[in-house]
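Pasting in a structure now, in C-alpha cells, and then I'll have a few things to ask.
Just so it is clear, the structure is predicted and the values come from calculations on it, not from any experiment. Side-chain atoms are counted along with the backbone in the values below, which use heavy atoms only and exclude waters and symmetry mates.
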Amino acid sequence: MDAEQSAADPDARLRRAGTSSNEAPDGGGSAGGGPLVGRGGGARDDRDGRGGRGPDAAQDATAVFEQHRGVLMGVAYRMLGSVADAEDVVQDAWLRWQSAGRDGVREPRAYLVRVATRLAVDRLRSAQRRRETYVGPWLPEPLLTHAGTGPERGGAEPDAAQSVLAAESVSFALLVVMESLSPLERAVFVLREAFGFPYAEIAAALDRSEAAVRQLGGRARAHVAERRPRFDVDPEARRDLTERFLAAATRGDLAALMEMLAPDVRLLGDGGGKAKAPMRAITTADKVGRFAEAIARRGLAAKDFRFIEVNGGPALLATEQGVPTDVLQIDVAGGRIQSVYIVANPDKLTRFTP
C-alpha cells in the first residue's frame with residue numbers, strides 16, 4: 001500500500017500489522033484463534049461463500065468479534081480503571097471492526113487488541129487530565145468478578161495460579177499504582193504483564209519501535225515494583241477480616257479495630273465530591289480506627305451489607321433503603337489489614353443497583 005492509500009485509510013497500518021505475527025499473546029490460545037476474516041473483501045463489500053453478498057460475512061465478523069470481546073474488555077479496563085469507559089472502548093472497536101476493510105486481516109485478535117489499545121490510550125490521556133481536578137482520592141470503578149478472575153469471561157476454568165494472577169492484575173492496589181504511569185507506560189505494562197503480548201506486537205499496537213517499547217516496559221515495571229505493596233491473596237482471610245472489621249466498626253469498638261489494623265494501614269475513600277468520603281488518604285491504625293468509629297456514630301448500623309466479589313477479591317456492598325452507598329474492600333498481609341478502600345461515588349455504583 002502506498003503513502004496515498006495509507007493517508008486515505010488510517011486503519012490500514014493496523015490491518016497490515018494484524019497479519020504480522022502468529023505468536024499467541026497470552027498462552028491462552030493462538031492470537032488468531034478465530035476464523036480468518038476478509039477472505040471475500042472488506043466490511044462494506046463482504047461476500048458470502050456463494051460469490052454474492054449475503055448475511056454470512058456479517059455473521060462471521062460478529063462471531064469473530066464476540067470471541068475476543070472479553071480480552072478487549074480486559075485490556076481496556078486495566079488501562080482505564082473504569083467499566084463504563086472500557087465498555088465505550090469496546091463499542092468503538094466494534095464500530096471500527098464493522099466499518100474497516102478486513103481483507104487481509106489474518107490475526108483478528110491481534111488486530112482488535114491494537115485497535116482497543118489505541119482507543120484506550122487516547123481516552124486515558126483525557127481521563128488523566130480530568131482526574132487532576134477530581135475531588136478527593138480517585139479509586140477505580142469496582143468491577144464485578146467471580147472466582148478470582150478479571151473481566152474476561154468464558155473459556156476453561158483457570159487454575160489456582162492463573163486465578164491469582166488475574167485477580168492481582170485488576171486489584172485496587174495495582175490499578176491505583178498504575179495511575180501514576182504515563183498512558184504509553186500503562187499500555188505496555190498491561191499488554192506485557194497482564195496478557196503476555198510479545199514486544200513486537202506491543203510495538204505495532206503503539207506505533208513505536210520495539211526498543212522504545214522495551215524501555216517503556218522497563219520503566220513501568222520498576223515504578224510498579226517500587227510502589228506496589230505485597231498482600232496475602234487468601235480470599236477466606238480477607239473475608240474473615242472484612243467481617244470482623246465491619247462488626248467492630250458497627251459496635252464502635254476501637255480496641256478491636258486496633259488489633260486487626262496494621263500500624264501503617266492506609267484508608268482511601270472515593271466520594272468524587274458527590275458523597276461523604278475522606279478528602280485525603282488516612283494513615284496509621286489510630287487514625288483509621290477512629291475514622292471507622294466515627295462512621296459508626298453516623299449510622300453505619302442502619303445500612304445493609306452483603307458480600308460480593310469485585311476486582312478479584314471479596315468486598316462488602318452497603319445499601320440504604322435498597323440504594324447502593326458504598327463498596328468496601330480490604331487488603332491483608334501478615335494477618336492484619338494493610339489497606340482499606342471505600343468507593344462511595346454514586347457514579348461508580350450504578351451497576352450495583354438492584
Side-chain angles (χ1 to χ4, degrees), residues 26 74-82 117 120-121 124-125 127-129 131-132 134 136-141 143 148 150 161-199 202-203 205-206 208-234 237-238 261-270 278 280-285 287-288 310-313 329-343:
D26 63 356
V75 169
Y77 177 76
R78 288 170 175 86
M79 283 285 297
L80 300 165
S82 165
T117 298
V121 166
L124 182 58
R125 289 185 174 124
Q128 287 185 332
R129 287 193 293 270
R131 288 171 195 169
E132 290 175 359
Y134 195 81
W138 177 93
L139 286 173
E141 180 182 351
L143 171 73
Q162 289 175 322
S163 293
V164 168
L165 290 173
E168 185 179 14
S169 72
V170 292
S171 69
F172 276 8
L174 180 57
L175 293 175
V176 168
V177 169
M178 285 200 295
E179 274 297 292
S180 55
L181 299 178
S182 73
L184 289 179
E185 287 172 340
R186 188 160 178 166
V188 175
F189 187 85
V190 167
L191 293 176
R192 181 66 181 175
E193 303 302 320
F195 291 90
F197 275 82
Y199 283 113
I202 301 171
L206 298 177
R208 296 292 191 277
S209 70
E210 187 172 338
V213 164
R214 286 180 180 274
Q215 190 174 43
L216 286 167
R219 285 205 304 264
R221 279 194 307 276
H223 181 91
V224 170
E226 179 183 351
R227 290 164 176 79
R228 178 171 59 182
R230 295 295 176 183
F231 300 118
D232 300 337
V233 296
D234 181 2
R238 293 175 73 183
L261 295 172
D264 57 348
V265 63
R266 185 174 71 146
L267 183 148
L268 290 173
D270 179 349
R280 59 185 60 85
I282 300 175
T283 57
T284 76
K287 291 180 181 179
V288 172
V310 299
N311 295 73
Q329 190 175 67
I330 65 171
D331 284 326
V332 177
R336 288 193 167 189
I337 298 173
Q338 298 286 335
S339 299
V340 181
Y341 306 100
I342 302 174
V343 180

Within the 4.5 Å heavy-atom criterion, are Glu179 and Arg186 side-chain neighbours or not?
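Side-chain contact under 4.5 Å: yes.
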Rounded at 0.5 Å granularity, tell me how far CG in Leu267 sits from OG1 in Thr284.
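Going from the CG atom of Leu267 to the OG1 atom of Thr284 covers 11.0 Å.
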Mind checking what makes salt bridge (charged side-chain N to carboxylate O under 4.0 Å, His left out) contact with Arg238, not counting sequence neighbours?
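Partners of Arg238 under the salt bridge (charged side-chain N to carboxylate O under 4.0 Å, His left out) test: Asp331.
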Can you name the side-chain contact (heavy atoms from CB on, under 4.5 Å) partners of Asp234, sequence neighbours left out?
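Testing Asp234 for side-chain contact (heavy atoms from CB on, under 4.5 Å), a comparison that skips the adjacent residues, returns Glu236, Ala237.
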Any chance you could measure Ile330, atom CD1, to Ile337, atom CD1, to the nearest 0.5 Å?
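Taking CD1 in Ile330 and CD1 in Ile337, the distance rounds to 4.0 Å.
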Let me see the working for Val176 and Leu139 under side-chain contact (heavy atoms from CB on, under 4.5 Å), right down to the final yes or no.
CA-CA 7 Å; Val176 168; Leu139 286 173; 3.7 Å; yes
Could you tell me which residues satisfy salt bridge (charged side-chain N to carboxylate O under 4.0 Å, His left out) with Arg230, sequence neighbours excluded, listed by chain and number?
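Testing Arg230 for salt bridge (charged side-chain N to carboxylate O under 4.0 Å, His left out), a comparison that skips the adjacent residues, returns Glu168.
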In the structure I gave you, are the side-chain heavy atoms of Phe189 and Val177 within less than 4.5 Å of one another anywhere?
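The answer is no; the side chains never approach within 4.5 Å.
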Hey, mind stepping through Leu216 and Arg219 against side-chain contact (heavy atoms from CB on, under 4.5 Å) and telling me if it holds?
CA-CA 5 Å; Leu216 286 167; Arg219 285 205 304 264; 3.2 Å; yes
Sequence-distant partners of Glu210, salt bridge (charged side-chain N to carboxylate O under 4.0 Å, His left out), two or more places apart
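So Glu210 forms a salt bridge (charged side-chain N to carboxylate O under 4.0 Å, His left out) with Arg214.
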So which heavy atom on Pro278 is nearest to which on Pro137, and how close?
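Heavy-atom minimum between the residues: O-CD, 3.4 Å.
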Do Asn311 and Tyr77 have side chains that approach each other closer than 4.5 Å (heavy atoms only, starting at C-beta)?
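The answer is yes, as the side chains (C-beta and beyond) meet within the 4.5 Å cut-off.
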Pairing residues for Arg125 by the salt bridge (charged side-chain N to carboxylate O under 4.0 Å, His left out) criterion, not counting sequence neighbours
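By the salt bridge (charged side-chain N to carboxylate O under 4.0 Å, His left out) rule, Arg125 matches Asp122.
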Mind checking ring pair (Phe, Tyr, Trp, His ring centres under 6.0 Å) for Tyr341 and listing every partner two or more places apart, or none if nothing turns up?
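With sequence neighbours excluded, Tyr341 shows a ring pair (Phe, Tyr, Trp, His ring centres under 6.0 Å) to Phe172, given in chain and number order.
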Using side-chain heavy atoms (C-beta onward) and a distance below 4.5 Å, is Phe231 in contact with Ser339?
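Answer yes - side chains close enough.
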Looking at CD of Glu141 and CG of Leu80, how far apart are the two atoms once the value is rounded to the nearest 0.5 Å?
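It is 10.5 Å, given to the nearest 0.5 Å.
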Is the closest side-chain heavy-atom distance between Val343 and Val310 below 4.5 Å?
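They are not in contact (no side-chain heavy atoms under 4.5 Å apart), so the answer is no.
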Would you check if the side chain of Asp232 reaches a backbone N or O of Gly334 as a donor-acceptor pair within less than 3.5 Å?
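Yes, the answer is positive, given that a donor and an acceptor are paired below the 3.5 Å cut-off.
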side-chain contact (heavy atoms from CB on, under 4.5 Å), paired with Ile282, selected from Leu268, Val288, Val340, Val265:
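Answer to the side-chain contact (heavy atoms from CB on, under 4.5 Å) test with Ile282 among Leu268, Val288, Val340, Val265: Val288.
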Beyond-backbone contact of Met79 with Pro183, side-chain heavy atoms, under 4.5 angstrom:
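Result no, sub-4.5 Å side-chain heavy-atom pair not found.
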Are the side chains of Ser169 and Glu193 in touch, meaning some heavy atoms are under 4.5 Å apart?
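Sidechains of Glu193 and Ser169: no contact.
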From Thr117 OG1 over to Phe197 CZ, what is the distance, rounded to the nearest 0.5 angstrom?
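Thr117 atom OG1 to Phe197 atom CZ measures 7.0 Å (nearest 0.5 Å).
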How about Arg227 and His223: does a side-chain donor come under 3.5 Å of a side-chain acceptor?
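Yes, side-chain donor-acceptor contact under 3.5 Å.
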I would like to know whether Leu181 and Val224 meet side-chain contact (heavy atoms from CB on, under 4.5 Å); could you show each step before the answer?
CA-CA 9 Å; Leu181 299 178; Val224 170; 4.2 Å; yes
Quick one, Val190 and Met178 - any side-chain contact, counting heavy atoms below 4.5 Å?
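Yes; the side chains approach each other to less than 4.5 Å.
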Evaluate the criterion side-chain contact (heavy atoms from CB on, under 4.5 Å) for residue pair Arg131 and Leu124; output intermediate values, then yes/no.
CA-CA 10 Å; Arg131 288 171 195 169; Leu124 182 58; 4.2 Å; yes
Distance check, rounded to the nearest 0.5 Å: Lys287 atom NZ versus Leu261 atom CG?
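Output value for this atom pair is 14.0 Å.
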Rounded to the nearest 0.5 Å, how far does CD of Glu185 lie from CZ of Arg221?
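Spacing of CZ (Arg221) from CD (Glu185) equals 11.5 Å.
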If you draw a 6.0 Å radius around CZ in Arg266, do more than 12 non-hydrogen atoms from other residues or ligands fall strictly inside?
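Count not over threshold, so no.
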